Every structure is written in C-alpha cells, then in structure tokens.
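Each remark here refers to the structure printed beneath this line.
On a predicted model such as this, the values are computed, not experimentally measured, just so you know.
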Amino acid sequence: MATCTQPLSGTDPGWGARNDCSLLPTGGPHNPEAFNYGVETWEAYKRGGLSKDLVEEQKKVQEADLLIFQFPLFWFNMPAILKGWMDRVLVQGFAYDLSKAYDGGLLQDKLSLFSFTTGGGQEMYSKGGIGGDIRYILWPMQHGIMHFCGVKVLEPHICYAPENVSEEKRKEMLTAWTQRLKTLWKEEPIDCSPEWYFK
C-alpha cells in the first residue's frame, strides 16, 4: 500500500529528498499492492494526473532551449534537492520512453549545461587525484540523466574550491562564467559517449 510521509523537521518543503502526498501523482496509486514510483509517475503522466507543481516544472522544461543546472557538488553528486527535481519532473512519458532513449530521447531538441562548484581543488579531481577524474562523477548526471532523455550536453563549467582561493581568483571565476554565457550558443555539445568520460 502506498503511504504518505511527512518531511523530517528542518527539511525542504518542496523539492527535497522526500516523497510525500503533495508530490505523488494525484488520483491514488495505479497499483496499491506493489508501489513503484517510476511506474506510478508514468501512469499519472499518461492520464494527466501529475500534481500541479510537477506539470508547471515540465512546462518550463518544454519551453526551454537550454537547461543550466547550477549547484555545489555535494558528496560527489548534485544535492538531493536537485536530484529530487529530476526524479519528479523528468518522468517516463515526458522526458524519456524505454524505447526512445539517449539520441532518441523525448527531449532531444534541448541543450544542457552543468555549472558547479567543488570543495576540493582541481588536482583532487584529476585521474591521479584522490577523488578521481571529474568526468567519472559527471557520467551519471550528464550521460545517465540528460543524454538518456535525449538532451545534448555542453562541456561542464566547473569552479574548483572557490571558498579556498583568493578574492581575485573568485572574481576571475565569475568573469569567466559571464564571458562563457555570452558565447554559449556557439558551442558544440560534447560527444556523450563512454570514451569522453573514461578516456
């Protein structure tokens, strides 16, 4: 039986890491005997039963040509609030179909860009660094989510350890980001293949 839970005290009331009644599809579960969130959202999408906030977010995605995800890298991943948004908004039927994925994904007319900060310096995220090549971390986000949905992926924009550098260096980071935004539409997407990530 599907159950509703309340968020933990102090957690985000919107897109945080929870599945409460307001975020589940409306109209009751498709299969109350064996709850499967992916199946439930797919069935709700097909019958127009997703909650209003999800439909509004999907409309934003539909209208966008470019999706920029700005976040701090947290435990080698995007923060839970952003992962929660992707889990709830990029549902089967809207963003992908199992027979239409990757280059055939349902959002293939769009570009995406991951722009994020890290806690560690660039050397930490190199092939010889303790964190491993940053591309390994990007594989599930860029390839496993965006490319799976058909979205073309631009080279990520990474600001390494901004809290540990000088004020002048932080200003340089902001200037570089500002300049890149001006020419973003001229960029070619990366080759979203295992070779790009693991070469």
Separation between CD1 of I130 and CD of E123, rounded to the nearest 0.5 Å: 11.5 Å

What orientation do H157 and W177 show, parallel under 30°, tilted 30 to 60°, or perpendicular over 60°? tilted

Starting from M86, can I reach Y45 by hopping between I/L/V/M/F/W/Y residues whose side chains sit under 4.5 Å apart? yes

Identify the two heavy atoms, one from P156 and one from W196, that lie closest to each other, and give their separation to 0.1 Å. CD-CH2, 4.1 Å

Specify the closest pair of heavy atoms between S51 and D53, including all atoms of both residues, with the distance to one decimal. OG-OD1, 2.7 Å

Are L111 and M146 linked, directly or through intermediate hydrophobic residues, by side-chain heavy-atom contacts shorter than 4.5 Å (ILVMFWY only)? no

Parallel, tilted or perpendicular for H143 and W139, by the 30°/60° rule? parallel

With hydrophobic residues grouped by side-chain heavy-atom distances under 4.5 Å, do V89 and I145 end up in a single group? yes

Answer yes or no: is there a donor N or O on one side and an acceptor on the other, between the side chain of H147 and the main chain of Y102, under 3.5 Å? no

Value for CD (E63) from NZ (K110), rounded to nearest 0.5 Å, stands at 9.0 Å

When hydrophobic residues are tied together by side-chain contacts of less than 4.5 Å, even through go-betweens, does V151 share a cluster with L98? no

For M141 and F114, the nearest pair of non-hydrogen atoms, with its separation, is O-CZ, 3.8 Å

I need the minimum non-hydrogen distance between G120 and T118, along with the two atoms involved. O-OG1, 2.6 Å

Any T117 side-chain heavy atom under 4.5 Å of C159 side chain: yes

For the aromatic rings, using the six-membered ring if either is Trp, is the centroid distance between Y136 and Y197 under 6.0 Å? no

Determine all donor-acceptor pairs shorter than 3.5 Å in which one atom belongs to a side chain in residues 64-82; sequence neighbours excluded.
| residue | atom | partner | partner atom | Å |
| --- | --- | --- | --- | --- |
| Q70 | OE1 | S115 | OG | 2.8 |
| Q70 | NE2 | S115 | O | 3.3 |
| Q70 | NE2 | S115 | OG | 3.4 |

Taking the six-membered ring for Trp and the full ring for Phe, Tyr or His, determine whether the centres of W42 and F94 are under 6.0 Å apart. no

Under the side chain to side chain contact (heavy atoms under 4.5 Å, CB included) criterion, do Q122 and I134 qualify, and how do the steps go? CA-CA 9 Å; Q122 188 168 1; I134 194 75; over 6 Å; no

Could you state the interatomic distance from CG (L107) to NZ (K152), rounded to the nearest 0.5 Å? 11.0 Å

Taking every heavy atom of D87 against every heavy atom of Y37, the minimum-distance pair comes out as O-CE2, 4.2 Å

Is L106 reachable from F148 through a run of I, L, V, M, F, W or Y residues, each pair having side-chain heavy atoms under 4.5 Å apart? no

Candidate pair Q92 and E43, rule side chain to side chain contact (heavy atoms under 4.5 Å, CB included), full reasoning: CA-CA 9 Å; Q92 186 173 357; E43 292 295 333; over 6 Å; no

For the atom pair SG (C149) and CG (L90), what is the distance rounded to the nearest 0.5 Å? 5.0 Å

Which value, rounded to the nearest 0.5 Å, describes the distance between M173 atom CE and T178 atom OG1? 13.5 Å

Side chains of Y160 and M124, heavy atoms from C-beta outward: is any pair under 4.5 Å? no

Gap between atom CD of E195 and atom CZ of R135 - 0.5 Å precision: 12.0 Å

Does NZ belonging to K169 count more than 12 external heavy atoms closer than 6.0 Å? no

Side chain to side chain donor-acceptor pair (under 3.5 Å) evaluation trace for E168 with S166: CA-CA 5 Å; E168 182 180 343; S166 66; 5.3 Å; no

Do L154 and I190 have side chains that approach each other closer than 4.5 Å (heavy atoms only, starting at C-beta)? no

Can E57 and K60 be counted as an ion pair, charged N to O under 4.0 angstrom? yes

Quick one: does any side-chain atom of S126 pair with a main-chain N or O of G129 as donor and acceptor, under 3.5 Å? yes

Would you sort out whether F116 and L138 count as a side chain to side chain contact (heavy atoms under 4.5 Å, CB included), showing the intermediate values? CA-CA 11 Å; F116 59 94; L138 291 166; 3.6 Å; yes

Decide side chain to side chain contact (heavy atoms under 4.5 Å, CB included) for L113 and L184; before the verdict, give the C-alpha distance in whole Å, the side-chain angles of both, and the deciding distance to 0.1 Å. CA-CA 10 Å; L113 169 64; L184 214 51; 4.0 Å; yes

Less than 4.5 Å apart, side chain to side chain, heavy atoms only: is that true for E172 and V165? no

Side chain proximity check, Q108 to D103, heavy atoms < 4.5 angstrom: no

Nearest non-hydrogen partners of R180 and E155, listed with the distance: NH2-O, 2.5 Å

